[in-house]
Amino acid sequence: MTEIERINFLIKTISNGKAADFARAINLRPSTLSRIRSGELSPRYKFEEILKAFPEVNRMWLETGEGYPGDLTTQLVKEHYEAKLRRADMIIDHLMRKIDMLEGLQKDCK
């Protein structure tokens with residue numbers, strides 16, 4: 001995996017694919033991150049900022065591509081359960097509207 005591929009992996013994994021969020025986290029303008037991702041600039045000079053912002057990233061993997069990316073599972077698990085909670089909230093809201101509607105119909109029938 002190249003340096004750029006590793007950066008793209010981190011953006012996808014840590015920032016849910018949002019490059020601008022990733023850029024802000026490492027104190028970088030989104031346009032500069034775009035230049036890094038296009039290969040115009042080397043990402044090496046931002047590795048320390050990445051490691052500071054995301055201590056769960058494995059330094060060796062980031063710098064060389066060897067080993068494991070780090071303990072990124074915490075973020076993935078968090079995102080998974082947040083999505084499940086959003087879905088559950090939508091279902092609850094839908095059911096509450098149905099209950100309100102049925103209660104209104106019951107009152108109208110009396």
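Note that the structure is a prediction, hence the values are computed from the model and not measured.
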Closest non-hydrogen atom pair, [X] against [Y]:
| X | Y | value |
| --- | --- | --- |
| Y68 | W61 | O-CB, 3.2 Å |
| E63 | R44 | O-NH2, 2.8 Å |
| A53 | A25 | CB-O, 3.3 Å |
| R6 | M1 | NH1-O, 2.6 Å |
| A23 | L33 | CB-CD2, 3.8 Å |
| R24 | D21 | NH2-OD1, 2.6 Å |

Quick check for you: to the nearest 0.5 Å, what is the distance between [X] atom [atom1] and [Y] atom [atom2]?
| X | Y | atom1 | atom2 | value |
| --- | --- | --- | --- | --- |
| Q106 | I99 | CD | CD1 | 11.0 Å |
| D93 | K98 | CG | NZ | 13.5 Å |
| T32 | N27 | OG1 | CG | 11.5 Å |
| E103 | M96 | CD | CE | 8.0 Å |

Test item: [X] and [Y] side chains (from C-beta on) under 4.5 Å apart, heavy atoms:
| X | Y | value |
| --- | --- | --- |
| Y45 | I36 | yes |
| F54 | I26 | yes |
| N8 | K12 | no |
| I7 | K46 | no |

Task: Steps toward side chain to side chain contact (heavy atoms under 4.5 Å, CB included) verdict (F22, I50) - done: CA-CA 9 Å; F22 185 82; I50 292 169; 4.1 Å; yes
Open item on the list: Working note: R86 + E82, criterion side chain to side chain contact (heavy atoms under 4.5 Å, CB included); need CA distance, chi angles, decisive distance, verdict.
Closed with: CA-CA 6 Å; R86 282 191 300 276; E82 284 175 345; 3.7 Å; yes
- [ ] Inspect the contact between R97 and D100 and indicate whether a charged nitrogen and a carboxylate oxygen are less than 4.0 angstrom apart.
- [x]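 Here D100 does not pair with R97 in a salt bridge, since their nearest N and O are not under 4.0 Å apart.
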TODO: Report whether L51 and I14 are members of the same hydrophobic cluster (ILVMFWY, side-chain heavy atoms less than 4.5 Å apart, transitive linking).
DONE: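 As far as the 4.5 Å side-chain criterion goes, I14 and L51 are connected within one cluster.
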Open item on the list: Hydrophobic clustering (ILVMFWY, side-chain heavy atoms < 4.5 Å, transitive) - are V57 and I4 grouped together?
Closed with: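 Different clusters: I4 never reaches V57 through Ile, Leu, Val, Met, Phe, Trp or Tyr contacts under 4.5 Å.
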